Amino acid sequence: MSAQQRRGFWLRTLHQWHWISSAVCLIGMLLFAITGITLNHAAKIEGSPKVVNEKLVLPATLLGSLGKRDAGNAPLPSSVGDWLGERLKISIGSREAEWSEDEVYLSMPSPGADAWLSIQRADGTVEYERTDRGWISYLNDLHKGRNAGPAWGWFIDIFAIACVIFTVTGLWLLQLHARQRRMTWPYVGLGLLVPLLLALIFIH
């Protein structure tokens, strides 16, 4: 292949990878850019958390299923989890609870919200509390991957790989077009120099 043919081949290949990776990460990049702003100004964005508190009494038959389990961490019995899920409209699943001699405590954090559940082993008294901090907090927690589960963690990793492909192919395309665009490398250098100077001068 001649030099011109090789250049044409790489241009076509890079353009294909560039547009495919940009299409894959476009919406995610928009979400992460917006939530980057909301996270940076989180202290200035006023929230109005909504707190829900409910109390129930576990039926005697279900209370007996708690048994005399030793202290430690273990999921609730499925029958207890199903009953609580139906009454409180929550999904407990296989979350592990903290078992002690007197109490079973279950923490149920989620993006934008915190929740917990307490069962007194002596009389079956159940207390449930959920604090919802709103949709901005929900999106901010998705940005950080906080309490979002393994599926969202995988999405962030795949999204990050797509962004790396997008930026690397973009940099390669810049290199191929740099002769016709004299300001290419000064602009790239500026993108490196500005954050570097800000970090060195203003971050202590």
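What you are looking at is a predicted structure, and each value in this text was computed from that prediction instead of being measured. Nothing fancy with the numbering, it's 1 onward along the sequence.
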Residue pair Arg130 / Ser110, side-chain heavy-atom distance below 4.5 Å: yes
Value rounded to 0.5 Å, distance of CG in Leu84 from CG in Leu106: 9.0 Å
Minimum heavy-atom distance Met108-Arg95, with the two atoms named: CA-NH1, 3.4 Å
CG on Leu176 to OG1 on Thr169, rounded to 0.5 Å: 11.0 Å
Distance-minimising heavy-atom pair for His143 and Thr35: ND1-OG1, 2.7 Å
Side-chain touch Leu173/Leu11, heavy atoms, less than 4.5 angstrom: yes
Taking every non-hydrogen atom, the tightest pair across Ser79 and Ser65: OG-OG, 4.0 Å
Nearest-0.5 Å distance that lies between atom CG in Asn140 and atom OG1 in Thr38: 3.5 Å
same_hphob_cluster(Tyr138, Val52) at 4.5 Å side-chain heavy-atom cutoff: no
Test item: Asn53 and Glu127 side chains (from C-beta on) under 4.5 Å apart, heavy atoms: yes
Residues in ring pair (Phe, Tyr, Trp, His ring centres under 6.0 Å) contact with Trp185, at least two apart in sequence or another chain: none
Min side-chain heavy-atom separation Val104-Val80 under 4.5 Å: no
Spacing of NE2 belonging to His18 relative to OG1 belonging to Thr167, to within rounding of 0.5 Å: 9.0 Å
Shortest non-hydrogen separation from Thr131 to Pro49 and the atoms involved: CG2-CB, 4.0 Å
Parallel, tilted or perpendicular: ring planes of Phe32 versus Phe159, cut at 30 and 60 degrees: parallel
Derivation of the side chain to side chain contact (heavy atoms under 4.5 Å, CB included) call for Arg133 and Asp141: CA-CA 11 Å; Arg133 299 187 301 275; Asp141 283 350; 3.1 Å; yes
Nearest-0.5 Å distance that lies between atom CG in Asp82 and atom CD1 in Ile92: 8.5 Å
Co-membership, hydrophobic cluster, residues Trp172 and Trp19, 4.5 Å side-chain: no
Other residues, nucleotides, ligands: >12 heavy atoms within 6.0 Å of Gln180 CD: yes
is_close_aromatic(Phe155, Trp152), centroid dist under 6.0 Å: yes
Whether His177 and His15 hold their rings parallel, tilted or perpendicular, with breakpoints at 30° and 60°: tilted
Cys25 versus Ala162, closest heavy-atom pair with distance: CB-CB, 4.0 Å
Close side-chain approach of Leu76 to Trp99, heavy-atom, < 4.5 Å: yes
Cluster overlap Leu14 with Trp17, hydrophobic side-chain contacts below 4.5 Å: no
Intermediate values then yes/no, side chain to side chain contact (heavy atoms under 4.5 Å, CB included), Val57 and Asp123: CA-CA 8 Å; Val57 177; Asp123 58 7; over 6 Å; no
Side chains of Ile165 and Val24 in contact at under 4.5 Å (non-hydrogen atoms): no
Transitive ILVMFWY side-chain link Tyr105 to Leu66, under 4.5 Å: no
Nearest heavy-atom neighbours spanning Asn147 and Pro109: ND2-CB, 3.4 Å
Hydrophobic cluster membership, Ile90 vs Leu58, 4.5 Å side-chain cutoff: yes
More than 12 heavy atoms of other groups within 6.0 Å of Lys144 NZ: yes
Close side-chain approach of Leu190 to Pro186, heavy-atom, < 4.5 Å: no
Ile34 side, atom CD1; Ile136 side, atom CD1 - distance, nearest 0.5 Å: 11.0 Å
Contact check, side chains of Met29 and Phe166, non-hydrogen atoms, under 4.5 Å: yes
